[in-house]
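Just the heavy atoms: all of them, side chains too, but no hydrogens, waters or symmetry mates, feed the values below.
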Amino acid sequence: AMKVLKKDELQKRNQVEHTMTERRILERIKHPFIVSLQFSFQTNKKLYFVLDYCPGGELFFYLQNIGRFKEKTACFYASNILFGIEELHKHDIIYRDLKPENVLIGFDGYAKITDFGLSKENIQGNSEAHSFCGTPEYLAPEILKKTGHGKAADWWSFGAIIYEMLVGVPPFYTKNRQKLYNNIKN
């Protein structure tokens with residue numbers, strides 16, 4: 001799979017550092033439950049990341065179509081995600097955007113974590129990061145409170161995904177979630 005990014009768009013949206021972080025992580029981490037960077041290149045206008053091909057698509061697709069998983073299926077995907085998050089944490093990387101849309105299913109049926117644009121490197125404790133980022137349904141309380149966060153925030157999101165796989169909707173789900181998120185963010 002190829003991810004193509006326009007350099008001028010990255011600069012306009014202030015995403016250059018996030019993109020460089022994503023590239024470093026993809027290049028550095030080689031693990032069966034994390035999408036790997038095969039190679040990257042650039043032109044004057046674009047960046048190209050060639051990544052593992054995951055023909056099964058997003059975990060989100062299956063949750064939308066099935067509704068909720070049987071316990072065995074949820075345990076299987078949860079274990080894949082757990083090993084991926086553990087590997088990132090072993091390298092002092094917090095993921096910060098764990099959600100079904102960022103979990104891909106490989107050709108072998110196993111899950112792989114992808115999209116490291118919100119990840120942060122060199123985080124050892126649980127209050128070193130201070131950016132307000134992530135997806136509303138999966139945000140840890142410490143991110144919402146803006147008190148500083150770390151690896152524990154990923155485990156909160158992990159629990160939210162397990163809940164969603166078993167119940168069919170994220171915990172604390174509300175139809176007015178975007179309005180709620182905007183109120184908290186400001």
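Other residues, nucleotides and ligands contribute only 12 or fewer heavy atoms inside 6.0 Å of the NZ atom of K45. Heavy atoms of other residues, nucleotides or ligands lying less than 6.0 angstrom from OH of Y110 number 12 at most. The environment of CZ in F41 is crowded: more than 12 heavy-atom neighbours from other residues, nucleotides or ligands sit within 6.0 Å.
R68 places no side-chain N or O within donor-acceptor distance of the main-chain N or O of M165, the cut-off being under 3.5 Å. Side chain of R96 to backbone of L139: no donor-acceptor contact under 3.5 angstrom is found. With hydrogens and angles ignored, the 3.5 Å screen pairs no side-chain donor or acceptor of D154 with any backbone N or O of I94. Formation of a donor-acceptor pair under 3.5 Å by the Q15 side chain with backbone atoms of R13 is found in this model. Side-chain N or O atoms of Y62 include one that pairs as donor or acceptor with a backbone N or O of G56 at under 3.5 Å. The main-chain N or O of L98 is never found under 3.5 Å from a side-chain atom of N102 such that the two would form a donor-acceptor pair. A donor-acceptor contact shorter than 3.5 Å links the side chain of Y95 to the backbone of T114.
The two residues A111 and N80 make their nearest non-hydrogen contact at N-OD1, 2.9 Å. Here the closest non-hydrogen pair linking E22 and D115 is OE2-CA, 3.7 Å. Taking all atoms of both residues into account, the shortest heavy-atom contact from K112 to C54 is CD-SG, 3.7 Å. Nearest heavy atom pair, residue V35 against residue L26, reads O-CD2, 3.4 Å. Considering all non-hydrogen atoms of both residues, D92 and K151 come closest at OD1-NZ, 3.0 Å. Here the shortest heavy-atom pairing between A153 and E142 reads N-OE2, 3.5 Å.
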Show your reasoning for whether side chain to side chain contact (heavy atoms under 4.5 Å, CB included) applies to K3 and L5.
CA-CA 7 Å; K3 184 174 186 175; L5 303 165; 4.0 Å; yes

When you look at V103 and E58, which way does the side chain to side chain contact (heavy atoms under 4.5 Å, CB included) test go after all the steps?
CA-CA 6 Å; V103 177; E58 299 173 353; over 6 Å; no

Set out, in order, the CA-CA distance, both residues' side-chain angles and the distance that settles side chain to side chain contact (heavy atoms under 4.5 Å, CB included) for L104 and I113, then state yes or no.
CA-CA 6 Å; L104 300 178; I113 299 170; over 6 Å; no

Could you check L63 against F69 for side chain to side chain contact (heavy atoms under 4.5 Å, CB included), going step by step and ending with a plain yes or no?
CA-CA 7 Å; L63 284 168; F69 294 162; 3.9 Å; yes

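Here CG of D97 is found 10.0 Å from OH of Y138. Values are rounded to the nearest 0.5 Å. Separation of atoms CG (N44) and CG (D8) is listed at 12.0 Å; rounding is to 0.5 Å. K6 NZ to Q11 CD: the interatomic distance, rounded to the nearest 0.5 Å, is 14.0 Å. Atom CD1 in I34 sits 10.5 Å away from atom CZ in R28 (nearest 0.5 Å). Once rounded to the nearest 0.5 Å, the distance linking NZ of K7 with NZ of K12 reads 15.0 Å. Of the inter-residue distances, the one linking D52 atom CG with L37 atom CG reads 9.0 Å to the nearest 0.5 angstrom.
In this structure, the side chains of L51 and M2 stay at 4.5 Å or more apart for every pair of heavy atoms. The side-chain heavy atoms of Y53 and P55, taken from C-beta on, include a pair separated by under 4.5 Å. Here the side chains of W155 and H89 are in contact, with some heavy-atom distance below 4.5 Å. You'll find the side chain of W156 stays beyond 4.5 Å of the side chain of H149, heavy atoms only. Residues K120 and T21 have side chains not in contact (no heavy-atom distance under 4.5 Å, counting atoms from C-beta outward). Annotation: side chain of I81 is in contact with side chain of I161 (closest heavy-atom distance under 4.5 Å). Residues Y77 and I105 are in side-chain contact: their nearest non-hydrogen atoms beyond the backbone lie under 4.5 Å apart.
Both the sub-6.0 Å distance and the 45° axial angle are satisfied by K146 relative to the ring of F132.
The hydrophobic clustering, which links ILVMFWY residues whose side-chain heavy atoms are closer than 4.5 Å, places L82 and F116 together. I29 and L118 fall into different hydrophobic clusters, defined by Ile, Leu, Val, Met, Phe, Trp and Tyr side-chain heavy atoms under 4.5 Å apart, directly or through other members. Hydrophobic clustering (side-chain heavy atoms under 4.5 Å, transitive across Ile, Leu, Val, Met, Phe, Trp, Tyr) keeps I123 apart from I93.
Ion pairing between a basic and an acidic side chain is recognised when a charged N comes within 4.0 Å of a carboxylate O; E17 and R24 show such pairing. No salt bridge links K99 with E137; every basic N to acidic carboxylate O contact stays at or beyond 4.0 Å. Ion pairing between E86 and K90 fails under the 4.0 Å rule for side-chain N and carboxylate O.
Using cut-offs of 30° and 60° on the angle between ring planes, the pair H31 and F33 is tilted.
Judged by distance alone, the side chains of S40 and R23 do bring a donor and an acceptor atom under 3.5 Å apart.
Screening V4, L10, V16 for a side chain to side chain contact (heavy atoms under 4.5 Å, CB included) with L47, the sole residue that qualifies is L10.
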